Number of protein chains: 2
Amino acid sequence: MAYRRTENVVRRLNARHDAIVDAARDAATEGGMAAIQIVPVAARAGVAAGTVYRYFPSKIELIGALVESESESEIKAVRRAADAAPGPLSALAAGVATFGARALRRRRLAWAVIAEPIDSDTESVRLKYRRDLAAEFEARIRAAIDGGHLPEQDTERAALGMLGAMLEGLIGPLAPEPGDEQAAHARLREAVQTLTLFALRGLGVVDAHARGLVVQTVLPGEG
Amino acid sequence: MAYRRTENVVRRLNARHDAIVDAARDAATEGGMAAIQIVPVAARAGVAAGTVYRYFPSKIELIGALVESESESEIKAVRRAADAAPGPLSALAAGVATFGARALRRRRLAWAVIAEPIDSDTESVRLKYRRDLAAEFEARIRAAIDGGHLPEQDTERAALGMLGAMLEGLIGPLAPEPGDEQAAHARLREAVQTLTLFALRGLGVVDAHARGLVVQTVLPGEG
DNA sequence: TTTTGGGGTGAATCATTGTTCAGTCTTTCG
DNA sequence: CGAAAGACTGAACAATGATTCACCCCAAAA
């Protein structure tokens with residue numbers, strides 16, 4: 001034998017793997033899922049088209065890797081924000097607001113990864129993210145119900161309703177863009193608050209209480 | 001001259017135009033937007049591929065015609081249901097519930113026309129439907145606010161939140177399918193009620209009142 | 001019935017993209 | 001250094017699907 005996977009080589013391979021996923025992410029950030037095309041992505045990553053196939057058996061797997069990477073980091077953030085909250089209801093508020101705030105930060109990417117239409121082959125990998133996110137919300141809703149903070153209800157549909165309201169209201173194609181840079185930050189925060197409030201009230205939280213929860217929890221989520 | 005567009009000819013031309021749109025609708029109903037392909041659609045309509053181009057300059061226009069046709073009929077139904085209601089708040093409830101009930105009836109088509117991802121060229125024609133629908137909701141929300149039935153709020157985002165909750169909860173990819181035929185009808189109604197209730201509460205309607213409104217209005221919308 | 005002009009046809013063409021693979025380059029180690 | 005084992009390259013290929021167009025057909029009018 002003469003060639004071994006020395007540590008140096010492994011490091012380079014990993015770096016390339018990541019570079020390719022990063023290139024795909026950049027492409028999606030700029031032009032949505034449709035912009036993830038092998039040749040351009042390869043070029044952006046500084047490799048040839050064929051090389052991509054040494055790292056991913058097909059384009060679908062590449063997209064899968066990207067979605068999984070995004071999914072992991074976003075859900076982790078949501079979970080962390082929720083876990084840091086003092087009670088089940090504020091945990092729910094914090095989680096939802098965090099998701100919204102982070103998605104708004106990188107609207108295009110968030111939309112591409114979770115909702116933008118693509119061909120059916122690629123669809124399944126995204127459903128997992130969507131499902132995981134809904135499940136996370138659902139678990140928090142369940143906890144709040146069990147703690148007596150919310151009325152008994154269909155938690156699955158409630159979680160979907162929350163998710164849909166956030167997606168459509170914040171990063172959907174009709175969602176208003178924040179205007180100038182000056183007001184942008186404030187507007188983003190306000191938008192997240194508005195939608196989070198909407199979702200919480202939808203679950204049956206009384207308005208006054210919901211408002212307090214949202215104001216209390218949206219701030220850390222934006223960091 | 002020897003050939004004129006006699007009435008008979010015009011009738012045939014119109015019939016073909018409609019047959020092609022209908023074929024596209026059938027295709028979308030079965031397989032989503034991706035199933036709208038010129039050759040199969042043409043075959044379904046009983047014409048040759050080239051003929052489609054005598055009626056529509058491109059596939060995009062064909063999809064545009066389909067979306068517009070759906071958009072018109074759905075928005076008309078929503079408007080009719082809302083107009084028949086006794087007050088602004090029940091009008092809103094009736095409109096939303098009607099949209100939901102009708103969408104659930106033909107989930108796949110509804111999803112395809114309003115939300116399923118497609119290429120960006122075709123995207124713009126669908127935005128109009130989405131925008132019109134949101135505008136319809138927004139106008140009803142505005143009326144309810146003006147009538148003192150809802151607290152003052154950002155009506156644009158509220159309308160988007162409602163729309164998103166209905167879409168995601170009823171026809172989104174994660175929305176639970178109704179089970180057997182026996183229970184299907186009841187489940188559909190229940191699903192519409194659950195989400196409508198969620199949306200109304202999100203706007204600030206107090207729970208008890210909202211529940212009454214929904215029960216009152218969802219029934220006619222299903223017809 | 002014949003002329004005439006638009007309508008219809010559908011195989012061929014074009015365009016786009018994911019995927020492959022024969023040849024080349026790099027790295028490791030005796 | 002030189003052989004061995006992989007990794008990389010990118011032009012060629014394949015598959016899909018929209019669009020075209022040279023030719024045929026049919027209804028209307030004379």
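Only heavy atoms go into these numbers, but all of them, side chains included; no hydrogens, no water, no symmetry mates. Note that the structure is a prediction, hence the values are computed from the model and not measured. Numbers restart at 1 for each chain; the letters A, B, ... are given by sequence-line order, proteins then strands.
- Rounded to the nearest 0.5 Å, atoms CD1 (A:I114) and OH (A:Y129) are 5.0 Å apart.
- B:M33 has its CE atom 16 Å from the P atom of D:dG17, to the nearest Å.
- Using a 4.0 Å heavy-atom distance criterion, A:I60 is classed as making no nucleic acid contact.
- Counting any heavy atom pair closer than 4.0 Å across all strands shown, B:Y55 reaches sugar-phosphate atoms only and no base atom.
- Taking atom NE2 of A:H17 as the reference point, atom P of D:dA7 lies 15 Å away to the nearest angstrom.
- Salt bridge A:R79/A:D83: absent, no basic N to carboxylate O contact under 4.0 Å.
- Residue B:V39 is classed as having no contact, given no heavy-atom separation below 4.0 Å to the nucleic acid.
- B:E74 has a carboxylate O that lies under 4.0 Å from a charged side-chain N of B:R106, or vice versa, which qualifies the two as a salt bridge.
- Among the nucleotides C:dT17, D:dC8, C:dT9, the one closest to any side-chain atom of B:A48 is C:dT9.
- For B:K59 and B:R12, each mapped to the nucleotide of DNA chain D holding its nearest heavy atom, the one lying further toward the 5' end belongs to B:K59.
- In this structure, B:R16 reaches the C:dG8 phosphate: one of its side-chain N or O atoms is under 4.0 Å from OP1 or OP2.
- Atom CD in B:E7 sits roughly 12 Å away from atom P in D:dA29 (whole-Å rounding).
- Minimum atom distance to the side chain of B:I38 is reached by D:dA18, of the listed C:dT17, D:dA18, C:dG8.
- Contact annotation for A:I36: backbone-only contact, meaning every heavy-atom pair under 4.0 Å involves sugar-phosphate atoms and none involves a base.
- The side chain of A:V9 has C:dT28 as its nearest neighbour among C:dG8, D:dA27, C:dT28.
- With DNA chain D read from its 5' end, the first of the two nearest nucleotides for A:L13 and B:S58 is the one closest to A:L13.
- Here the C1' atom of nucleotide C:dG18 and the CD atom of A:Q37 are 10 Å apart, to the nearest Å.
- Atom CZ in A:R11 sits roughly 17 Å away from atom C1' in D:dA7 (whole-Å rounding).
- Note on A:R54: every side-chain N or O is 4.0 Å or more away from OP1 and OP2 of D:dT9.
- The nearest whole Å value for the distance from the CG atom in B:N8 to the P atom in C:dG7 is 14 Å.
- Within the nucleic acid shown, B:T51 comes within 4.0 Å of at least one base atom, counting heavy atoms only.
- Under 4.0 Å is where a charged nitrogen must lie from a carboxylate oxygen, and between B:R25 and B:E70 at least one such pair does.
- If you measure from atom OH of A:Y53 to atom C1' of D:dA14, you get 12 Å, rounded to the nearest angstrom.
- Between B:F198 and A:F198, the ring planes lie perpendicular to each other; the angle is over 60°, past the 30° to 60° tilted range.
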